[in-house]
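Right, one structure below, let's go through it.
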Amino acid sequence: MTIVEFFQTLLTASFFAAILRAATPMVFAALGGLISELAGVINVALEGMMLIAAFFGVVGSTWAASVWPEASPLFFALVGAAAGLGAAMLLALVLAVFYLEFDANLIIAGVGINILAAGLTVFLLFSISGDKGSSAGLTSFALPTLPLRLLQDIPVIGGLFAGANGNGHHVLVYAALLAIGLVWVFLHKTRLGLRLRAVGENPDACRTVGVPVKRIQYVAILLSGFLAGLGGIYLSMGYLTLFQANMTAGRGFLALAAIFLGARSVFGTAGAAAFFGLASVFAAQLGLLDVPTAVVFSVAPLVTILALLAFAWRRQRRTRAQVAAELITLNARRKDTPDAQA
Amino acid sequence: MQNEIVLAVDGLGKTYPNGTEAVKGVSFDLRRGEIHAIVGENGAGKSTVMKMLYGLEQPTTGRIAVAGQQVRLTTPQDAIDLHIGLVHQHMMLLESLSVAENIALGAEPVRGPFLDRAKMNREVAEVAATYGMNIDPAATVARLAVGQKQRIEILKVLYKGARILLLDEPTAVLTPQETRDLFKAIRGLTELGMTVVFITHKLVEVKEVADRVTVMRDGQVTGRVEPRDVTVAKIAEMMVGRPLSHKPAERRSPDLPASVTARDLTLIGLDGRVRLNRVSFDIRPGEILGVAGVEGNGQAALGQVLTGLLEPAEGAARIGGTVFTGRGVAAARALGIAAIPEDRIHDGIVTDMSIEENFVAAEYRNPRFSRRGIRDRNAVNAATREMIAAFGVKTTSEQTPIGALSGGNMQKVVLGREFTTQPRFLIAAQPTRGVDIGAAEGLRQQLVDLRDAGTAVLLISADLEETIALSDRIIVLFKGQIVAHFRAEEADENVLGLYMLGAERKAGANGCIDQQPEHAHV
Amino acid sequence: MSSIAGGQGSVLQEVIKTLVVIVIGLLIGMVIVLFISEEPTKVFDAILTGPLPSASTLDDGTVRWRGMTRFGTFLEDSITLALVGLAVAIPFRAQQFSLGADGQMFLGALASAVVSIYLPLPGIVLIPLAFLAAVIAGFAWGWLPGVMKARAGANEIVTTLMLNVIAIQFFIYCVTFLMLDRQAGFIVTPFFQDAAILNPLIHRTNVTWMIAVAPLVCLLAYLFLSRTNMGYELRVVGQNPAFGRRMGMPVDRTVALSMALGGAAAGMAGFHIANAILKRLPSDFPAGLGFEGIVVALLARNDPRLILPAALFYGYLRAGAQVMERTTDVSREMVLVVQAIIILLIVSENLLPRLGQWIGLGRSAR
């Protein structure tokens, strides 16, 4: 592949589709992480919640097909999706109970949840299918793609809605785009969203005005599990149509980083998650150009770290400038009023 | 109508699970339209009573009746439903949210699940107008001044329909101007039929604004008076439990050159506010310089600059001619600076570590206690035992976690640690805060002994009596500037109070000894 | 946020709580096995006695040991676990949530490999040099997020997780492009020079003198924390940084140092895996061991004196799980589930009071 060909591929609809595909699970998980982060609960367990959802999505759809063989594949997929989301929310509930009821350290409990998910999925996979690597031996069902013919017919930009092979994007790709707006509306336009942000900023202040802090944190953690779960079922019921051991491959951690990179705002977080998706697609493309993928895979984490340092640097510089400016006005005032001179 | 009892408390008591009896058999009643002050020293149980009235804590004995009906208050929501509102001592605001969001939080107007922002802003503006408070509902709280924030705190409870307002030390962080505005506002509220309960230990304010006063000491009510009938001194006596012995320590002003000289110390906070504005003073060896001021006028900042925690934007302080500010805490300590921090639990100790490991924290690098970075635990142990004996710390062992001690004994360890360094200059911030009266007297004596041994002492205390009793000279800080400088024998609380409130100021005042203080004038 | 610095409550109470948690974790594991396995007794037997060698006397009277390899695996794993446990425990003592042991271990192994493959030196110089290289690499990779935290307030969870990715990708890059053994048929470095490889102390195992080094390092860590000024600073800063600052302690340096020292221990773990066990570096060097260090550190309540018993316990469990996987119908990831349960229970400060409260409430429900 030449450089020219490389850039040509960048401009195709299928490349755009690839970015959306790569970004979707991370956007879901990052939005979920953002909701709990804003409620004052940092969710280190996004990775585990995605993984468990991916697993139970596959197992659920397989199970549905065995119980109701007459039903349609879409029904199997929906049962699987429900099972995956349920499993992720159950895991979120475990985290919430341990943190809010048993005073467990949030971060370590989150790591524990990740280990639980990693262990449980492989353990159960082996028990069910006799294989530890993937669910290839099981017949599972994907959620469908959704062709939006009307939009696809629009000239020039219509191609963006074509998906990888002209059949439109996966239904969860649209859902992820929709989720960005919905989460923003939730956080900024609803009562629960306002209270959630308030709880994250100052729980004591909320308690004194009768806002039920603990209940809101439960809701935030569960929502976080729901969204991470959507990211997880996309991986096993869209991105691929099977479960692989550790198939999240650190996406949950990148999602966590996206929150910080996005300065804890909805659009910033979604943008950072999309950037991580972009970086991974580039990695695949650059692999064809003989650029080592290892280098490209390092770009996203490197950018995150540099961004964190840049935020800090800007903050410090702004503070210093503020202090200097105040000192100048102070001295100017002193000249005007000799009275204050010692 | 004026005598209608809106809330009555009968035999209220609170014993904590650890056995502490914070409140014992307290009874009082509140009448419609009155300003009712509850006064008492730190730890007298005032705040605990407030928390029980607001459902934040449950009484172990006694009854609360609202409008003649006995009630159980288990959550703040219960209290809010009964039209009781609490304004906390510390601001409980969400800085990143708008004024209206802060005020409405907990009772937000909604349409379905959505916030009705227009209605919220309109309602908040209406409530503010009703009670004559001028605010912009859409402004972000972080940008507001302290006095405005206080108003938002009050509007928060009014918005939720409070008819009985509990204000916990509302003036602690206000400037005199803001304090006057506040009093005007609460007077306006009572004229509209509200009842205001107002906790304070500032007796001048009580005299100024309260209709009735309930005095508390050691968890009990020790007096019920109408302030127009009694003097401030009488209320003070009920608070403390004995006539105040205005027996000051023997004054000293050794005729020695100053050992500590601060010149033009200026500090600008991270938020861009001026915390200290050209503060200059001298302290001689063997002299205590007291700092008086309303909380938030620069005393804490001065202590932090002098201990090396914060770097002054301008100016410097020297000891024996060497600059010790702006070079970090370790450098300052190496020059013989020691400090008793204002917030003992947060800054003064490590609660989970032993007395021994707390004691050695200031001097662990001293060759007495470590060589080449290796600690000599026997030496530490021996020195700790010595200190425990010398300061009368009540403990079973030097290995006891310091968190298990009483406040007074913790503070003895803190003093013991700082005194053992044989400082040339001690910054003592609120040295007896939250300590029972007996222990406080011992701590004060030890401060005086240290002074007599030749240490220069800067005493920062919110307790004016303490400042007057212990200091040799006193400076008054207002908005980060020294506005007055007295010899202690010439100062009294009323005079200091005027300067502290900014009502009076001496032009160009500083605390240098080449400019001996003028006689106080009122 | 609840404290993880350790040191609260009496030691006896803590130890009893830990033992109770272990028992609960194992019991839950057993219940799962009863549900899932068709041969539960065989499973329990494999876990409980699997890692131990067995002796049999041959006809000619000589004693023959069987199962030495898996007994060796148990000890080798325990050494790794003790070192990564220490790598987690030291920053935890300073209240730093460093999750970077993985990346530090990768770089430690890589640094050691560079020395072990390319420097033509005799073993007596080469091995200490490789060890040192690993320690320095780990130290540096721990110091980096430490400084970012101390100077720029960068959240150490995020930075260490990101630095893990970078370290692992760098490792893969080096093995794939710079150090590849083209004859091997898979992506791996050449074998280390013989002089760089640690000799086994027990025949047919990779148990080397690292079995003495790991306890020694734990002892040094204990002495460091309890007997040195820097260790004292680390403990104080972990419990109350504001106080440390008031006492003139170098708080920023201490935060960075705690993470760097953790990194050094992780680097040693990398050296152990590289020079004692694998003797060359494959591109799929085992990731995730850094997280296993967390359970060891938690079981030891972050006390270096208890790291070794905790590592041996967990190492035994892992080795038993491997035997279980080979001989029964249950996979070894079972142990991860038990591990997760132990982690969740052990960090729950308020577990028993709250459970008691719930039961009590159930009885006297209004």
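Only this structure's heavy atoms are used, side chains among them; waters, hydrogens and symmetry mates stay out. All chains are named by letter (A, B, ...) in the order of the sequence lines, taking the proteins before the strands, and each is independently numbered beginning at 1.
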Which portion of [X] sits near chain C, non-hydrogen atoms under 4.5 angstrom:
{"X": "A:V94", "result": "side chain"}
{"X": "A:L120", "result": "both"}
{"X": "A:F260", "result": "side chain"}
{"X": "A:V303", "result": "neither"}
{"X": "A:I305", "result": "side chain"}
{"X": "A:L95", "result": "neither"}

Side chain, backbone, both or neither: which part of [X] has a heavy atom under 4.5 Å from chain A?
{"X": "C:L336", "value": "both"}
{"X": "C:E292", "value": "neither"}
{"X": "C:Y173", "value": "both"}
{"X": "C:L163", "value": "both"}
{"X": "C:I294", "value": "side chain"}
{"X": "C:L161", "value": "side chain"}

For C:G103, is there any backbone N or O sitting under 3.5 Å from a side-chain donor or acceptor partner on C:N164? yes
Let me see the working for C:S98 and C:Q96 under side-chain hydrogen bond (donor to acceptor under 3.5 Å, both in side chains), right down to the final yes or no. CA-CA 6 Å; C:S98 170; C:Q96 301 304 312; over 6 Å; no
ring-ring contact (aromatic ring centres under 6.0 Å, His included), paired with C:F106, selected from C:F170, C:F285, C:W141: C:F285
Which of the residues C:N155, C:V338, C:V165, C:V295 is involved in the greatest number of heavy-atom pairs with chain A at under 4.5 angstrom? C:N155
What do the steps show when you test A:S127 against C:V330 for side chain to side chain contact (heavy atoms under 4.5 Å, CB included), and what is the final call? CA-CA 7 Å; A:S127 297; C:V330 179; 6.0 Å; no
Could you check A:E37 against A:R264 for salt bridge (Lys or Arg N to Asp or Glu O under 4.0 Å), going step by step and ending with a plain yes or no? CA-CA 8 Å; A:E37 167 74 16; A:R264 299 166 96 236; 3.0 Å; yes
Is it true that, when you exclude A:L309 itself, more than 12 heavy atoms of the residues, nucleotides or ligands shown sit nearer than 6.0 Å to its CG? yes
Near C:F313 CZ, under 6.0 Å, is it more than 12 heavy atoms from other residues, nucleotides or ligands? yes
Who pairs with C:I341 by side chain to side chain contact (heavy atoms under 4.5 Å, CB included), at least two apart in sequence or on another chain? C:I28, C:V337, C:L345
Should the pair A:R317 and A:W313 be classed as cation-pi, given the thresholds of under 6.0 Å to the six-membered ring centre and 45° from the axis? yes
